[in-house]
Amino acid sequence: MTMGMSRREDQIKAMSSEVRMEILRLLRDAKQHFSHQETADPEAFGVCINLIAEKLQLAQPTVSRHIDILKRAGFITVQRYQKWSYCRRDETALSEYRDWLSETLSIG
């Protein structure tokens with residue numbers, strides 16, 4: 001599958017932030033990190049942005065900007081439920097990025 005450079009640029013930008021990397025790590029083990037979420041199963045439905053902000057000890061608008069970058073890169077999906085937004089990793093997109101990076105840099 002060929003992907004446009006702007007998407008790749010968005011992906012590279014998404015991976016260039018330790019905060020965004022931490023968001024992806026937290027979402028990898030959503031049930032472990034967010035088992036206290038009562039509104040929806042964190043693994044099946046996603047994690048509320050407010051809980052991610054709380055976990056990172058960052059303001060919700062700051063986390064929302066990071067989430068937006070990850071969403072543009074295709075690494076997470078965001079769905080609204082009532083007044084909240086929930087995030088989940090897109091494992092296929094992350095895997096494709098890893099494979100592209102490996103091929104591009106001739107790793108392994």
Side-chain angles (χ1 to χ4, degrees):
M1 177 171 103
T2 304
M3 187 172 295
M5 272 315 281
S6 64
R7 178 64 161 232
R8 288 291 183 219
E9 289 167 356
D10 287 341
Q11 290 178 330
I12 292 166
K13 179 179 180 180
M15 293 300 194
S16 70
S17 162
E18 184 56 37
V19 171
R20 291 188 288 274
M21 295 291 287
E22 183 62 16
I23 291 168
L24 290 172
R25 284 190 286 269
L26 289 170
L27 293 176
R28 178 185 59 217
D29 299 314
K31 201 164 220 129
Q32 174 188 340
H33 296 291
F34 301 101
S35 61
H36 61 288
Q37 177 174 279
E38 297 176 3
T39 53
D41 181 286
E43 207 167 73
F45 196 78
V47 176
C48 180
I49 290 176
N50 291 336
L51 292 180
I52 296 170
E54 181 182 292
K55 184 79 162 180
L56 295 173
Q57 298 181 331
L58 294 171
Q60 188 271 334
T62 300
V63 172
S64 289
R65 284 192 297 277
H66 286 293
I67 294 292
D68 186 54
I69 292 168
L70 288 166
K71 183 180 170 188
R72 269 199 325 265
F75 293 147
I76 64 168
T77 59
V78 178
Q79 62 179 332
R80 300 232 356 124
Y81 178 69
Q82 296 178 352
K83 62 181 179 177
W84 295 285
S85 295
Y86 294 82
C87 306
R88 288 181 54 206
R89 286 171 40 131
D90 184 324
E91 297 300 334
T92 300
L94 287 163
S95 180
E96 288 172 355
Y97 177 76
R98 182 198 62 222
D99 293 347
W100 169 80
L101 191 61
S102 179
E103 289 171 24
T104 299
L105 299 176
S106 300
I107 299 172

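Of the inter-residue distances, the one linking His33 atom NE2 with Glu22 atom CD reads 7.5 Å to the nearest 0.5 angstrom. Note that CZ of Arg80 and CD1 of Ile49 are 8.5 Å apart. Values are rounded to the nearest 0.5 Å. The line from CD of Glu103 to CZ of Arg98 is 10.5 Å long, rounded to the nearest 0.5 Å. The NZ atom of Lys55 sits 14.5 Å away from the SG atom of Cys48 when rounded to the nearest 0.5 Å. For the atom pair Glu54 CD and Gln60 CD, the distance stands at 12.0 Å (nearest 0.5 Å). To the nearest 0.5 angstrom, Ile67 atom CD1 is 11.5 Å from Thr62 atom OG1.
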Fill in: side chain to side chain contact (heavy atoms under 4.5 Å, CB included) evaluation trace for Ile76 with Ile23
CA-CA 10 Å; Ile76 64 168; Ile23 291 168; 5.5 Å; no

Practice prompt. Please lay out, stage by stage, how Val47 and Leu26 fare under the test side chain to side chain contact (heavy atoms under 4.5 Å, CB included).
Written response: CA-CA 10 Å; Val47 176; Leu26 289 170; over 6 Å; no

Item to complete: Under the side chain to side chain contact (heavy atoms under 4.5 Å, CB included) rule, what do Asn50 and Gln37 come out as? Steps first, then yes or no, please.
Response: CA-CA 10 Å; Asn50 291 336; Gln37 177 174 279; over 6 Å; no

Item to complete: Could you check Trp84 against Tyr81 for ring pair (Phe, Tyr, Trp, His ring centres under 6.0 Å), going step by step and ending with a plain yes or no?
Response: CA-CA 5 Å; Trp84 295 285; Tyr81 178 69; 7.8 Å; no

Discussion item. Side chain to side chain contact (heavy atoms under 4.5 Å, CB included) for Met21 and Met15? Distances and angles first, verdict last.
Written reply: CA-CA 6 Å; Met21 295 291 287; Met15 293 300 194; 3.3 Å; yes

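Residues Tyr97 and Ile12 have side chains in contact (heavy-atom distance under 4.5 Å, counting atoms from C-beta outward).
No donor-acceptor distance shorter than 3.5 angstrom exists from the side chain of Thr104 to the backbone of Leu101, with no hydrogens or angles considered. Judged purely by atom type and a 3.5 angstrom limit, Asp29 has no side-chain atom pairing as donor or acceptor with the backbone of Gln32. Between the side chain of Gln11 and the backbone N or O of Ala73, at least one donor-acceptor pair lies under 3.5 Å. Distance alone, capped at 3.5 Å, places no donor-acceptor pair between the Arg89 side chain and the Leu27 backbone.
Applying side chain to side chain contact (heavy atoms under 4.5 Å, CB included) to Ile52 and the options Ser64, Cys87, Ser85 leaves one that passes, Cys87. For the pairing with Arg72, the side chain to side chain contact (heavy atoms under 4.5 Å, CB included) check across Glu9, Lys13, Arg7 returns one residue only, Lys13.
Between Pro42 and Ala30 the shortest heavy-atom distance is O-CB, 3.7 Å.
Note: the hydrophobic cluster containing Leu24 also contains Leu51 (ILVMFWY, side chain heavy atoms under 4.5 Å, direct or indirect links). Cluster membership for Leu56 and Phe75, using ILVMFWY side-chain heavy atoms within less than 4.5 angstrom, is shared. Both Leu58 and Leu70 belong to a single network of hydrophobic side chains, linked directly or stepwise wherever heavy atoms of I, L, V, M, F, W or Y lie under 4.5 Å apart.
Residue Lys31 places its NZ atom among more than 12 non-hydrogen atoms of other residues, nucleotides or ligands, all under 6.0 Å distant.
Salt-bridge formation is detected for the pair Glu18/Arg25: a Lys NZ or Arg NE/NH1/NH2 atom is positioned less than 4.0 Å from an Asp or Glu carboxylate oxygen.
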